[in-house]
Amino acid sequence: MSVPQLSVSAFLRASLKRQLLLAYRRPADTLNPLLFFLLVVTLFPLGIGPEPAQLAEFAPGILWIVALLASLMAAEGMFRQDYEDGSLEQLLLSPQPLYLASLTYTAAHWLVTGLPLTLLSPLFATMLQLPVAALPVLILSMLLGTAVLSLVGSIGAALTVSLKRGGMLISLIIVPLYIPVLIFAAGAVRFAAEGFDPAPQLLLLAGMLSLAVALAPFAISAGLRISVDAG
Amino acid sequence: MWTWFHKLGSPPWMYRISGRILAILLPLTVLMLAVGAVWGLLYAPMDFKQGNSFRIIYFHVPASVVALAGYYVMAIAGAVSLIWRMKMAEVAMKCAAPVGAALTFLSLLSGAIWGKPTWGTYWVWDARITSMLILFFLYLGVMALYQAYENKEAAGKACAVLSLVGMVNIPIIYKSVDWWYSLHQPATIKFTEESAMHSSMLQPLLLMILAFYCLFTCALLLNMRSELLRRGAGTGWVRSLVGAH
Amino acid sequence: MSSAQPAAASALVTVRELGLERGGRLLLDNLDLDIAGHELVLIEGPNGSGKTTLLRSLAGLSRLGLTGSITRHCDELLYLGHRAGIKQLLTPRENLAWACRSQGWDAGAIDSALERVGLSGRADVFCQHLSAGQQRRVNLARLYLSFDAGRENALWLLDEPFTAIDRDGVAALAATMAEQVARGGAVVLTSHQDLPLDIPLRRLVLGGGA
């Protein structure tokens, strides 16, 4: 029997390129979470008052809660189109490893949501009076933390994509799993703002990211198989 | 070994055996709960700092411990159902969720009742209570996901995956909440010091924990029996069971 | 369930004691089936008799409510289902390039595949601007790509491949299937239309929904 010769790395590059091309052709999906981020950041000074000292104190928590919600919002639609148009079926039938394919989905999702959030976060942090000294730590925590959020969010998206009312449900099942990221990432930024060493929290975030990269694709693949079967 | 495994997968066998187990375990559980409650509430010495209000730990702590263990039971049953495609494990997983959620709720409720005389407020963002609240959400998530799927076989698989993800996350969640609490904790009373408890207080607590484990098992088995009947409605063994009575 | 045959040495897919339950109804019961190369199998039966589910099970997409075993021994598996599997925001050429990449087909065959489904002139238009029939044909181009890849032991699972295809298209498609079968592949399909083919056809009649 002649087993087809397939290059896995070429497949992964093509998969990533395809996801990014689709995101580029549907820019609203990328821009909406960012606008949402900006909008909710604006709500906080209006809700709790404009005093710089108070805002600065709450800034790490606010930034991270809003990033979490923006990421959640983006996660919901991750597999929706591919599920509805049958691309997921074809992906499952492809001889390529689903584990790696789901990683590229997540990577693409992070590149169009997590990364822009990270890049814009200094702007929002400044609006919330976060001390400039904490900005590098904020960016680093965003880089690591939003990647974990994307991986965990993909699990929720994979498990709920075949459900008609998946939107509310994905929040319910995913938000509790986001909590450690929120705690350590916001904690790191807070430490940095108060002049302490945030290295332990950042290392913990990096550890969570490695764990998520290793394990989440199994759950995502299993979720996709169940969803395609149930649909 | 394999015959045992196969028997475990057979609903009529499971129904019969669980009935026999319950006949013994249920009275035993009631007895232990009664003895533990009387011992803890009436005879154990009073806490010199908190007075009599501390006695609610005889419900709060066992409920918390078993609620957490219940999640692991659910997740492991889910793993077994995924790996060996064992229907009974899926039934166990599905039935463990509401029992665990109920215990988590009991833990939160007793914590709130305890909070009022201790801190003067019903809700405190203490590390353990916060962790229990998150655990409650994890249970609700599994139950909501199960409800959302129309195809119950798919629901079982999806929930098994979700509960396994939750199981990996629980230690991380607990550690992160502990760290978060130590970061924000104002210097108030710390009462999570069971290890320093006097043995006369500890013994009834251990009995109550054991009783709650048995309670969990009983509730799980009862729930599974009703689920087995529901799923088996119309099949031979349920008909003959109904006919026999 | 009819036309069970003894296990052939070159079976591309082997089904043993297959039972299928959907929505509390038993659609298949104890089905044994071997599909070998050179076979064209038409799955027939009324709506709701489990034709699509059986095809999806053969593809490995459907496992819910299934008992028994399905083993595939094919090097190439092509499944064309109700869902087109094409992206509205990609052009037919881009869609097929992705299909080639994920299946390991030769991307050089895309142009001829598009020509054969009559879409050469629309190769670089976003699929969302194509009609429903044209989108179906983009999906069908996969079949030609698989054909051109020319792998041995290829198993094609086609769910209503003739829907929304004009008569010439149907004839061309049927001819390709015949050729595929002639050179050793197996084709399993469902169809409400009669096949314009004069090669031996194996019929598998599902009656669960009747």
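Order of the sequence lines sets the chain letters (A, B, ...), proteins ahead of strands, with each chain counted from 1.
With a 4.5 Å cut-off on non-hydrogen atoms, A:S171 does not touch chain B at all. Neither the backbone nor the side chain of A:I170 comes within less than 4.5 Å of any heavy atom of chain B. Contact annotation for A:M168: neither backbone nor side-chain heavy atoms come within less than 4.5 Å of a heavy atom of chain B. With a threshold of 4.5 angstrom between heavy atoms, B:E153 does not approach chain A through any atom at all. Heavy atoms of A:L169 lying under 4.5 Å from chain B belong exclusively to its side chain. Heavy atoms of A:F191 lying under 4.5 Å from chain B belong exclusively to its side chain. For chain B, the nearby part of A:L211 is the side chain; its heavy atoms alone come within less than 4.5 Å. Looking at B:V177, both its backbone and its side chain come within 4.5 Å of chain A, counting heavy atoms on both sides.
Inter-residue side-chain proximity for B:V73 and B:F216 is flagged as met; some heavy-atom pair is nearer than 4.5 Å.
Relative ring orientation between A:F79 and A:Y105 is described as tilted, the plane-to-plane angle lying within the 30° to 60° band. In this structure, B:W179 and A:F184 have tilted ring planes: the angle between them lies in the 30° to 60° band. Aromatic ring orientation, B:W180 versus B:W125: perpendicular (interplanar angle above 60°, classes split at 30° and 60°).
A salt bridge between B:R231 and B:E90 is present, with a side-chain N of the basic residue lying under 4.0 Å from a carboxylate O of the acidic one.
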Verify ring pair (Phe, Tyr, Trp, His ring centres under 6.0 Å) between A:F44 and A:F58, making sure each step is shown before the conclusion.
CA-CA 9 Å; A:F44 277 91; A:F58 289 135; 8.6 Å; no
